[in-house]
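These notes concern the structure reproduced below.
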Amino acid sequence: MLNKKWSLFLINIFITGILFLIFSSEYTFVSYINTVFYLTFSYIVVFLFQYIAKGGFFDGVTFSFRRFHHVILKNDDYLDEWKEKPLPSQKFNKRFYATIKFQVLLLLIYLFILLFIHYI
């Protein structure tokens, strides 16, 4: 499992290089740092969404919408068990969360190293 995480990190570095070459108007170290930041920021957004969903923040909203939908439509289908459907925190994928967390940490360390090199 650890090899997959490190290989994904190397793939992210490769993707950063490709994005830098494609979208950068000038090939400078600052542009590369910006590209690393954009990739890191996208991972941070996914990680924070997963962290919030894992904590059960969306469970109440999801349950309320299911109940509202059931009451408004007056669904007499007794096979539709809206109370027993899994909530977002119950459908949480721990392996994906751990992988994203590892990538965020490594990319942040990589970004801070690049910033340290730039400001020295």
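Note that this is a predicted model, so its numbers are computed, not measured. For reference, positions follow the sequence shown, starting with 1.
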Going by the rule side chain to side chain donor-acceptor pair (under 3.5 Å), which residues pair with Q50 if we only count those two or more places apart in sequence or in a different chain? none
Which label fits Y51 and Y97: parallel for a plane angle under 30°, tilted from 30 to 60°, or perpendicular past 60°? parallel
Side-chain touch [X]/[Y], heavy atoms, less than 4.5 angstrom:
| X | Y | value |
| --- | --- | --- |
| F29 | L114 | yes |
| I44 | L108 | yes |
| Y43 | N12 | yes |
| V36 | Y110 | yes |
| Y38 | F23 | no |
| W6 | F9 | yes |

Linked, directly or transitively: [X] and [Y] (ILVMFWY side chains, under 4.5 Å):
| X | Y | result |
| --- | --- | --- |
| F41 | I18 | no |
| L111 | I100 | yes |
| V104 | L115 | yes |
| I117 | L39 | yes |
| I113 | Y119 | yes |

Checking the side chain of S24 only, and the main-chain atoms of L21 only, is there a donor and an acceptor separated by less than 3.5 Å? no
Any sub-3.5 Å donor-acceptor pair from S31's side-chain atoms to E26's backbone N or O? yes
Is it the case that atom NZ in K101 sees more than 12 heavy atoms from other parts of the structure closer than 6.0 Å? no
Heavy-atom nearest pair, Q103 first then K5, reads NE2-O, 2.9 Å
Looking only at heavy atoms, the pair that brings L107 and T40 closest together is CB-OG1, 3.5 Å
With side-chain contact (heavy atoms from CB on, under 4.5 Å) as the criterion, how do T16 and Y32 come out once you've worked through the C-alpha distance, each side chain's angles and the decisive distance to 0.1 Å? CA-CA 8 Å; T16 303; Y32 181 72; 3.7 Å; yes
Under 6.0 Å between ring centres, would you say that holds for Y27 and F20? yes
